[in-house]
Participant: 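Starting off with a structure, shown below.
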Amino acid sequence: MASPLILVNLKAYLEGMGEGAARIAAAAEEVGAESGVTIAVAPAPTDLQPLSARFNLPLYAQHIDGVSAGAHTGHVTAEQVRAAGATGTLINHSERRLTLAGIEASVAAARRSDLRTVICTNNEATTAAAAALAPDYVAIEPPELIGTGVSVSKADPGIIERSVAAAQGVNPGMRVLTGAGISTGECVRIALELGTDGVLLASGVVKAKDPAAVLRDLVSQI
Ligand code: G3P
């Protein structure tokens with residue numbers, strides 16, 4: 001079985017930009033190497049190139065627009081993030097909502113640039129819709145738990161189970177991540193037991209005093 005994926009979204013946190021992003025990437029690379037678990041980081045677009053120049057861990061963009069290279073102003077394109085060192089991208093998020101047509105266009109743009117795709121969703125119905133677009137992963141995150149420190153694995157395990165069933169009902173074998181409030185190895189273990197292939201998290205690592213210690217705990221029960 002492929003390694004579970006621990007994907008750390010640095011969002012627009014001050015602690016997760018510039019040297020803060022480098023500190024977290026260094027921790028993720030170190031813990032990934034010692035544990036054998038795939039740990040990836042999704043920094044701001046301005047940090048992709050600096051991180052890819054210094055580290056070897058997988059980098060994801062936080063967003064791409066569904067346009068090709070050319071006459072577009074103020075867009076983030078798949079070509080740009082690929083050239084900056086990303087090997088994947090988040091698409092859609094409760095903090096960056098897209099239309100269904102926009103999500104489909106971003107998935108198509110990512111595929112043209114050979115980027116892995118993680119479509120973030122907020123409930124079972126949107127998870128099923130996302131799975132129909134055949135991304136590499138769908139990531140179910142109940143918006144009311146995001147950034148609260150209250151773990152979806154413990155507060156709402158039912159939504160994880162129902163989302164895995166919804167995704168795989170539409171697209172057998174669809175890989176599912178979950179997120180919101182994840183911060184410990186126990187949260188990760190429960191998420192995996194409920195049928196996911198990993199977790200998407202942010203504040204538990206980004207705002208930690210010692211991100212490497214949190215990452216070590218996250219992989220400790222896999
Ligand atoms: O994309 C990850 C996310 O929205 C979860 O955030 O801070 O609850 O881990 P957090």
Side-chain angles (χ1 to χ4, degrees), residues 4-17 20-21 23-25 27-28 31 37-45 47-48 57-64 76 81 86 88-98 103 106 110 115-123 126-127 130 135-157 159-160 163 167 175-192 194 196-219:
L5 173 63
I6 308 279
L7 177 49
V8 183
N9 177 4
L10 305 188
K11 301 196 175 184
Y13 285 120
L14 290 174
E15 300 90 333
M17 60 177 275
R23 179 168 168 260
I24 293 166
V31 176
V37 175
T38 303
I39 304 180
V41 166
D47 282 314
L48 281 169
L57 82 172
L59 295 174
Y60 280 62
Q62 293 181 13
H63 164 79
I64 58 167
V76 179
V81 302
T89 185
L90 301 181
I91 293 173
N92 195 53
H93 194 284
S94 288
E95 297 159 357
R96 186 65 169 91
R97 286 197 166 142
L98 302 178
I103 294 169
S106 293
L115 291 169
R116 287 179 165 260
T117 48
V118 177
I119 303 180
C120 302
T121 59
N122 60 321
N123 60 33
T126 57
T127 300
D136 291 287
Y137 295 91
V138 291
I140 167 68
E141 301 192 312
E144 67 280 8
L145 297 178
I146 291 176
T148 62
V150 177
S151 165
V152 60
S153 295
K154 294 185 182 171
D156 198 356
I159 197 172
I160 301 177
S163 296
R175 289 182 290 183
V176 179
L177 306 178
T178 192
I182 301 280
S183 65
T184 68
E186 186 189 13
C187 305
V188 174
R189 178 178 52 75
I190 293 170
L192 295 176
L194 293 172
T196 72
D197 296 274
V199 297
L200 173 60
L201 78 162
S203 52
V205 170
V206 181
K207 296 182 93 60
K209 281 205 176 66
D210 183 351
V214 175
L215 287 163
R216 277 195 186 93
D217 185 35
L218 286 167
V219 302

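Indexing begins at 1, ligand by ligand and atom by atom, following the structure's order.
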Participant: List the steps and the verdict of side-chain contact (heavy atoms from CB on, under 4.5 Å) for Ile182 and Ser153.
Facilitator: CA-CA 7 Å; Ile182 301 280; Ser153 295; 3.5 Å; yes
Participant: Nearest protein heavy atom to atom 2 (C) of ligand 1, by residue and atom, and its distance?
Facilitator: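 Minimum-distance protein heavy atom for atom 2 (C) of ligand 1 reads Glu141 OE2, 3.0 Å.
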Participant: Is the closest N or O pair between Gly147 and ligand 1 shorter than 3.5 Å?
Facilitator: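 So ligand 1 has an N or O lying under 3.5 Å from an N or O of Gly147.
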Participant: Would you call Gly179 a ligand 1 contact, heavy-atom distance under 4.0 Å?
Facilitator: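 The answer is no: ligand 1 sits nowhere under 4.0 Å from a heavy atom of Gly179.
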Participant: Grab the two heavy atoms, one from Lys11 and one from Ala202, that are nearest each other, plus how far apart they are.
Facilitator: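 Closest approach of Lys11 to Ala202, heavy atoms only: CE-CB, 3.6 Å.
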Participant: Please list, chain by chain and in numerical order, all residues satisfying salt bridge (charged side-chain N to carboxylate O under 4.0 Å, His left out) with Arg189, sequence neighbours excluded.
Facilitator: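 With sequence neighbours excluded, Arg189 shows a salt bridge (charged side-chain N to carboxylate O under 4.0 Å, His left out) to Glu193, given in chain and number order.
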Participant: Of the protein's non-hydrogen atoms, which lies at the shortest distance from atom 1 (O) of ligand 1, and what is that distance?
Facilitator: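 Atom 1 (O) of ligand 1 sits closest to the protein heavy atom His93 NE2, 2.8 Å.
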Participant: Give the residue and atom name of whichever protein heavy atom lies nearest to atom 6 (O) of ligand 1, and the separation in Å to one decimal.
Facilitator: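 Protein heavy atom at minimum distance: Lys11 NZ, 3.3 Å.
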Participant: Check whether any N or O atom of Glu95, backbone or side chain, sits under 3.5 Å from an N or O atom of ligand 1, and answer yes or no.
Facilitator: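 In fact, backbone or side chain, Glu95 has no N or O that close.
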Participant: When the side chains of residues 136-149 are checked against the rest of the protein, which donor-acceptor pairs come out under 3.5 Å, sequence neighbours left out?
Facilitator:
unit_1	atom_1	unit_2	atom_2	d
Asp136	OD2	Thr117	N	2.9
Asp136	OD2	Thr117	OG1	3.3
Glu141	OE1	His93	NE2	3.2
Thr148	OG1	Leu145	O	2.6
Thr148	OG1	Val150	N	3.0

Participant: Decide whether the shortest distance between a heavy atom of Gly181 and an atom of ligand 1 is less than 4.0 Å.
Facilitator: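 Yes, Gly181 has a heavy atom closer than 4.0 Å to ligand 1.
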Participant: How far apart are the closest heavy atoms of Arg97 and Asn122, and which atoms are they?
Facilitator: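 Closest pair (atom of Arg97, atom of Asn122, distance): NH2-ND2, 3.9 Å.
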Participant: Examine Tyr13 against ligand 1 and note whether any of their N/O atoms are separated by less than 3.5 Å.
Facilitator: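 No; every N/O pair is 3.5 Å or more apart.
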Participant: Can you report which non-hydrogen protein atom sits closest to atom 7 (O) of ligand 1, along with the distance?
Facilitator: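 The answer is Ser203 OG, 2.5 Å.
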Participant: List every atom of ligand 1 that sits less than 4.0 Å from any heavy atom of Ile146, numbering the atoms from 1 in the order shown and giving each element.
Facilitator: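 That gives atoms 4 (O), 6 (O), 8 (O) of ligand 1.
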